Amino acid sequence: MKRVFILGGTAEARELAARLHPEHVVVSSLAGRVTSPRLPVGAVVIGGFGGSLGLARWLWEHPVDVVVDATHPFAAKMSEAAAEAAGMTGIPLLGLRRPGWTQEPGDDWRWVSSLEEAARSLPGRRVFLTTGRRSLPVFDGVPGVWFLARSVDPPDDPVSMEVVLSRGPYTLDGELALMREHRIDTLVTKDSGGELTRAKLLAARELGVPVVMVRRPPVPPEVPYVETVAEAADWVRATE
Ligand code: NAP
C-alpha cells in the first residue's frame with residue numbers, strides 16, 4: 001500500500017484517485033477555484049500551499065510516498081512548484097498530462113503562445129471565448145469585438161461580455177446550436193486536450209469557424225510525464 005498525493009482539478013486526477021483507492025491511501029489536492037468542484041474519492045485538501053516551499057513543508061509534515069501532478073495542462077505554476085518541492089523532499093513525482101488536440105482536415109487553427117497574443121490576433125468580430133473566467137480581463141474591451149464567454153463560475157469582476165455559465169462535457173449538437181445562435185465567427189480555446197470539451201472544435205470545423213488555439217506552457221524538464229491514467233497507476237504501483 002502506497003500513500004499517494006495527487007495534485008488534481010482534472011477528470012484524469014479523479015480517475016486516477018478512483019483507480020488507486022482503496023488499494024492505496026489517496027489524498028487529492030484542489031486549488032479551490034470553483035465553488036462546487038467535482039470531488040475525487042479518498043481524502044481531499046482544498047487551497048494552495050504557498051508556493052514550492054509551502055508544498056515541500058506540507059510533504060514533510062504528511063506521510064506521502066509518491067506525488068502525481070495531474071493538474072490541468074495550463075496550471076504551470078503548480079507544476080513548477082511540484083517539481084521544485086519534489087527536488088527538495090526527494091519524494092518521487094510523476095506528471096500526468098493528457099495529450100493536446102490534433103488538427104484534422106477541415107480545421108482552421110491559428111496557434112498563439114499566450115492569451116495576450118490571442119486577444120491581439122482575433123480573426124473575427126463575434127468571438128466565443130472558452131479560456132476560463134480568469135482570462136476574461138485579457139479580452140474585455142478589445143475594440144469592435146463582441147464576446148460570448150463560457151465559464152464554470154461567474155467572472156470575478158464584471159465584464160462587458162455575454163457570459164454563459166456551464167460545465168462540460170459538451171455535445172456537438174449543443175455546440176453547433178450555441179455557435180449558430182450567436183453567429184460566432186471565431187473560437188478561442190486553450191489546447192487543453194481531452195474528449196470532454198472537444199465538441200467545440202468539431203462544431204468550429206463544421207461551421208468553417210477559425211480557432212485561435214493557445215499553446216500549452218512547457219512542463220518542468222526534470223519531471224517524467226505520462227499521458228494516461230493507466231500509465232500513472234502503473235507508475236504508482238511500481239515506484240519503490
Ligand atoms: P496555477 O496557475 O498553476 O496555480 C496557481 C496557484 O494555485 C498555485 O501556485 C497554487 O497555489 C494553487 N494551486 C493550483 N493547483 C492546485 C492544486 N491542485 N492544489 C492546491 N493548490 C493548487 O494553476 P491554475 O491555472 O490556477 O489552476 C488551478 C486548478 O484548476 C488546478 O488544480 C488545475 O488542475 C485546475 N484547472 C485549471 C485550468 C486552467 O485552464 N488553468 C482548467 C481546468 C482546471 P500556492 O502557490 O498557494 O500553492
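The structure displayed is predicted, hence computed values, not measured ones. When a ligand or atom number is given, it counts from 1 through the structure's own listing order.
To the nearest 0.5 angstrom, Trp109 atom CH2 is 7.5 Å from Trp101 atom CH2. Atom CD of Glu104 is separated from atom CG of Leu202 by 7.5 Å, given to the nearest 0.5 angstrom.
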| request: For salt bridge (charged side-chain N to carboxylate O under 4.0 Å, His left out), just list the numbers for Arg183 and Asp185, CA-CA rounded to whole Å, side-chain angles, deciding distance to a tenth of an Å, and then say yes or no. | output: CA-CA 6 Å; Arg183 294 178 286 116; Asp185 63 13; over 6 Å; no
| task | Decide yes or no on salt bridge (charged side-chain N to carboxylate O under 4.0 Å, His left out) for Arg126 and Glu162, but give the supporting numbers first. | result | CA-CA 11 Å; Arg126 295 189 64 83; Glu162 184 154 341; over 6 Å; no
| Residue pair Glu80, Lys77: steps toward the salt bridge (charged side-chain N to carboxylate O under 4.0 Å, His left out) verdict | CA-CA 5 Å; Glu80 192 55 48; Lys77 272 194 210 148; over 6 Å; no
| request: Go through the steps to decide whether Arg133 and Asp156 satisfy the test salt bridge (charged side-chain N to carboxylate O under 4.0 Å, His left out), and finish with yes or no. | output: CA-CA 8 Å; Arg133 74 174 198 277; Asp156 298 326; 3.1 Å; yes
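In this comparison of Met78, Arg33, Glu12, the heavy atom closest to atom 5 (C) of ligand 1 sits on Arg33. Nearest to atom 32 (O) of ligand 1 by heavy atom, out of Gly8, Gly47, Ala31, is Gly8.
Tested against Ser192, the residues His72, Arg216, Arg98 include a single side chain to side chain donor-acceptor pair (under 3.5 Å) partner, His72.
Of all the atoms in ligand 1, the ones that sit under 4.0 Å from a non-hydrogen atom of Phe49 are 20 (C), 45 (P), 47 (O), 48 (O). Every atom of ligand 1 is numbered from 1 in the order shown, and the set under 4.0 Å from a heavy atom of Gly9 is 32 (O), 34 (O), 35 (C), 44 (C). Each of the atoms 45 (P), 46 (O), 47 (O), 48 (O) of ligand 1 lies under 4.0 Å from some heavy atom of Gly51. Near Ser29, the atoms of ligand 1 lying under 4.0 angstrom from a non-hydrogen atom of the residue are 17 (C), 18 (N), 19 (N), 20 (C).
At least one donor-acceptor pair closer than 3.5 Å links the side chain of Lys2 to the backbone N or O of Thr239.
Looking from atom 24 (P) of ligand 1 to the surrounding protein, the closest heavy atom is Arg134 NH2, 3.3 Å. Nearest protein neighbour of atom 11 (O) of ligand 1, counting heavy atoms only, is Gly48 CA, 3.7 Å. Atom 40 (O) of ligand 1 has its closest protein heavy atom at Lys190 NZ, 2.6 Å. Protein heavy atom closest to atom 2 (O) of ligand 1, with residue, atom name and distance, is Lys77 CB, 3.9 Å.
At a 3.5 angstrom cut-off on N or O pairs, Ala75 counts as close to ligand 1. Considering backbone and side-chain N/O atoms, Thr10 never comes within less than 3.5 Å of an N/O atom of ligand 1. For ligand 1, the polar-atom distance check against His72 finds a nitrogen or oxygen pair separated by under 3.5 Å. For the pair Ser79 and ligand 1, the shortest N or O to N or O distance does not fall below 3.5 Å.
Residue Val188 shares its hydrophobic cluster (ILVMFWY side chains chained together at separations under 4.5 Å) with Phe74, Val112, Leu115, Leu122, Val127, Leu129, Leu136, Val138, Phe139, Val142, Val145, Phe147, Val159, Met161, Val163, Leu165, Val212, Val214.
Distances from ligand 1 to the non-hydrogen atoms of Ala76 include at least one value under 4.0 Å.
Between Phe49 and Phe5, the ring planes are perpendicular. Angles over 60° get that label, and only those under 30° would be called parallel.
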